[in-house]
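When a ligand or atom number is given, it counts from 1 through the structure's own listing order.
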Amino acid sequence: MTALAVRHGAVNLGQGFPDTDGPAAMLAAAQEAIASGVNQYPPGPGRPELLAAISESRARYGTAYDPAGEILVTVGATEAIAASLLALVQAGDEVVLFEPYYDSYAASVALAGATRVVVPLVEEESGRFGLSAEALRAAVTPRTKVVLVNTPHNPTGSVFTEAELAAVAEVCVEHDLLAITDEVYEDLVFDGRAHVPLATLPGMAERTLTISSAGKSFNCTGWKIGWVCGPRELVAAVRAAKQFLTFVGGAPFQPAVAHALRTEGPWVAGLRDSLAAKRTRLSAGLAAAGFGVRQAEGTYFVCADIRPLGYDDGVEFCYALPERAGVAAVPLQVFTDSPERWKHLVRFAFCKKDEVLDEAVARLAKLG
Ligand code: PMP
Ligand code: GLN
């Protein structure tokens, strides 16, 4: 979609990446690290100041991870997800994913030789997408090993509630399952909602690998500094897989991210408020253009129903949109195993300057 957007000079609300930089002091810290010689392989688990900063950052949720052995720095959350699955599952094991799911999950389950079992999120009357623990329970078999949960959720923008997650935790405990969580949008939750890490729920700390990264919280998606936190034995297994994927990564970015985690809380709060306003701005524009706009409770993304505009297939719609309207979006079908169920929905990213969102809306308004 990004290539199509470039070809047609379209406003790219497809791929989710911000069009402004992160905090100036963080950028300066990376430059300073390079200038002062932080340019060789960092230690296998990650640089000590970053491990300490991650541990402090997780403490806000009440969880305690020992920087020596319970945290591993990875090349973005993407590597953390892949290495965690390679570490925990093998052929014959089943991994439960909720759909629509972030595209790397299915690929990483396949790389690990395991089988994915897909449970759909529930499209609620309110326009929100909910998590059904009953549907999860029905999907569990004797071969189920891992449940992978993403909250705040890409592509729907849902922030799962404590009650939804507690019900998932209950199923994990009851069937002795491991959990992997993808919390890369943990700081981007709107309207006073709270992000709840699954690992904070009863019985979960000892069976959960919690994954996050710096890209979304600090507008540095290209730095690819991520991390995984969890019980020592599980993190050691992930490190064994990571060792032969990349070994280590991003030496000079690690002290810069440590600095950001420790000192840029107010900047992140500003980012959250600004994204909430952008969510409202784009949602209103899409509604005025005739889309059926769904609720975005967090993340970079809002989903919209194309049926009110007279279309019924998101893939066809999104392939035609750059040329027809000069805007790029992503169909939800690409995040799912059951395209029929999701083909009326497309995803728009709102992590863009207001004038970019306004231009996209002005172009989309001519569609109807
Ligand atoms: N998980 C989700 C849900 C995402 O949206 C992204 C960002 N594209 C990632 C993981 C990957 O994060 P990173 O860039 O840190 O690898
Ligand atoms: N997370 C971003 C998205 O969902 C981009 C990541 C990617 O392009 N692989 O759009």
Trainee: Ignoring hydrogens and angles, tell me if any N or O in the side chain of Arg281 forms a donor-acceptor pair with the backbone of Asp358 under 3.5 Å.
Mentor: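 Absent.
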
Trainee: In the protein, what heavy atom is nearest to atom 12 (O) of ligand 1, and what distance, to one decimal place, separates them?
Mentor: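 Answer, as residue, atom name and distance: Ala77 CB, 3.6 Å.
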
Trainee: Looking at Arg60 and Glu186, is any side-chain nitrogen of the basic one under 4.0 Å from a carboxylate oxygen of the acidic one?
Mentor: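 Judged by the 4.0 Å cut-off on N to carboxylate O distance, Glu186 and Arg60 do form a salt bridge.
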
Trainee: Identify the closest protein heavy atom to atom 14 (O) of ligand 1: which residue and atom is it, and at what distance?
Mentor: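 Scanning the protein heavy atoms, the shortest distance from atom 14 (O) of ligand 1 goes to Lys224 NZ, 3.1 Å.
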
Trainee: Do Thr299 and Asn154 pair up side chain to side chain, a donor and an acceptor below 3.5 Å, judged on atom types alone?
Mentor: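 No, Asn154 and Thr299 have no side-chain donor paired with an acceptor closer than 3.5 Å.
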
Trainee: So which protein heavy atom does atom 2 (C) of ligand 1 come closest to, and at what separation?
Mentor: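 Here the closest protein heavy atom is Asp182 OD2, 3.3 Å.
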
Trainee: Numbering the atoms of ligand 1 from 1, which are under 4.0 Å from a heavy atom of Tyr185?
Mentor: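 Those qualifying, in numeric order: 3 (C), 4 (C), 5 (O).
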
Trainee: I need the contact type for Asn150 against ligand 1. Using non-hydrogen atoms and a strict under-4.0 Å cut-off, is it side chain, backbone, both or neither?
Mentor: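 It is the side chain that gets close, since no backbone atom is under 4.0 Å.
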
Trainee: Using modelled atom types only, decide if a donor and an acceptor are shared between the side chain of Lys343 and the backbone of Val315 within a distance under 3.5 Å.
Mentor: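 Such a contact is absent between Lys343 side chain and Val315 backbone.
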
Trainee: Tell me: protein heavy atom nearest atom 3 (C) of ligand 2, and distance?
Mentor: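 For this ligand atom, the closest protein heavy atom is Arg347 NH2, 3.4 Å.
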
Trainee: Ligand 1 and Tyr105, any nitrogen or oxygen pair closer than 3.5 angstrom?
Mentor: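 No - when backbone and side-chain N and O of Tyr105 are compared with those of ligand 1, no distance drops under 3.5 Å.
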
Trainee: Looking at Tyr185, which atoms of ligand 2 are within less than 4.0 Å of one of its heavy atoms?
Mentor: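 Atoms satisfying the 4.0 Å criterion: 1 (N).
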
Trainee: Does only the side chain of Thr78 get under 4.0 Å from ligand 1, or the backbone, or both, or neither? Count heavy atoms.
Mentor: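 Looking at Thr78 and ligand 1, atoms from backbone and side chain both fall under 4.0 Å.
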
Trainee: Determine, for Phe17 and Lys352, whether the Lys NZ or Arg CZ falls below 6.0 Å from the six-membered ring centre while staying within 45 degrees of the axis.
Mentor: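 Positive - Lys352 is close enough to the ring of Phe17 and near enough to its axis.
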
Trainee: Between Met1 and ligand 2, which part of the residue brings a heavy atom under 4.0 Å of the ligand: side chain, backbone, both or neither?
Mentor: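 Neither; no heavy atom under 4.0 Å.
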
Trainee: Under a 4.0 Å heavy-atom limit, does Asp103 contact ligand 2 with its side chain, its backbone, both, or neither?
Mentor: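 No part of Asp103 comes within reach of ligand 2.
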
Trainee: Just which atoms of ligand 1 are under 4.0 Å from any heavy atom in Asn154?
Mentor: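 Listed by number with element, the hits are 3 (C), 4 (C), 5 (O).
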
Trainee: Is the ring centre of Phe317 less than 6.0 Å from the ring centre of Tyr311?
Mentor: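 Yes: the rings meet the under 6.0 Å criterion.
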
Trainee: Regarding ligand 1, does Phe301 bring an N or O atom to under 3.5 Å of one of the ligand's N or O atoms?
Mentor: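 No, no N or O pair falls under 3.5 Å.
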
Trainee: Before signing off on this row, confirm whether Gln15 and ligand 2 have an N or O atom pair separated by under 3.5 Å.
Mentor: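 In this structure, Gln15 places an N or O atom under 3.5 Å from an N or O of ligand 2.
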
Trainee: With respect to Tyr102, determine whether any N or O atom, backbone or side chain, lies less than 3.5 Å from an N or O atom of ligand 1.
Mentor: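 By distance alone, the answer is yes.
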
Trainee: For Lys242, is there an ion pair with Glu79 - N to carboxylate O distance below 4.0 angstrom?
Mentor: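 Judged by the 4.0 Å cut-off on N to carboxylate O distance, Glu79 and Lys242 do form a salt bridge.
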
Trainee: When you measure from the side chain of Ser55 to the backbone of Leu51, do you find a donor-acceptor pair of N or O atoms at a distance under 3.5 Å?
Mentor: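 Not a single qualifying donor-acceptor pair exists.
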
Trainee: When you measure from atom 2 (C) of ligand 2 to every protein heavy atom, which one gives the shortest distance, and what is it?
Mentor: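 Heavy-atom neighbour on the protein nearest atom 2 (C) of ligand 2: Gly16 O, 3.6 Å.
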
Trainee: Any side-chain donor-acceptor pair under 3.5 Å between Trp342 and Glu99?
Mentor: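 On atom types as modelled, these side chains qualify, holding a pair under 3.5 Å.
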
Trainee: Can you confirm if the NZ or CZ of Arg347 lies within 45° of the ring axis of Phe301 and under 6.0 Å from the centre of its six-membered ring?
Mentor: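 That pair qualifies as a cation-pi contact.
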
Trainee: Could you tell me whether ligand 1 has any atom less than 4.0 Å away from a heavy atom of Tyr300?
Mentor: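 No, that is not the case, since the closest heavy atom of the residue is not under 4.0 Å from the ligand.
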
Trainee: Short list, please: which atoms of ligand 2 are under 4.0 Å from a heavy atom of Tyr102?
Mentor: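 In order of numbering, the contacting atoms are 1 (N), 4 (O), 6 (C), 7 (C), 9 (N).
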
Trainee: Is Leu198 reachable from Leu136 through a run of I, L, V, M, F, W or Y residues, each pair having side-chain heavy atoms under 4.5 Å apart?
Mentor: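 Linked, Leu136 and Leu198 end up in one cluster.
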
Trainee: Taking a hydrophobic cluster as the set of Ile, Leu, Val, Met, Phe, Trp and Tyr residues connected by side-chain heavy atoms closer than 4.5 Å, whether directly or through intermediates, do Val140 and Val149 fall within one such cluster?
Mentor: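 Yes, same cluster.
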
Trainee: Does even one non-hydrogen atom of Lys216 get within less than 4.0 Å of ligand 1?
Mentor: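 Per 4.0 Å heavy-atom rule, Lys216 contacts ligand 1.
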
Trainee: Yes or no: does Phe335 have any heavy atom under 4.0 Å from an atom of ligand 2?
Mentor: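 Phe335 does not count as a contact of ligand 2 under the 4.0 Å cut-off.
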
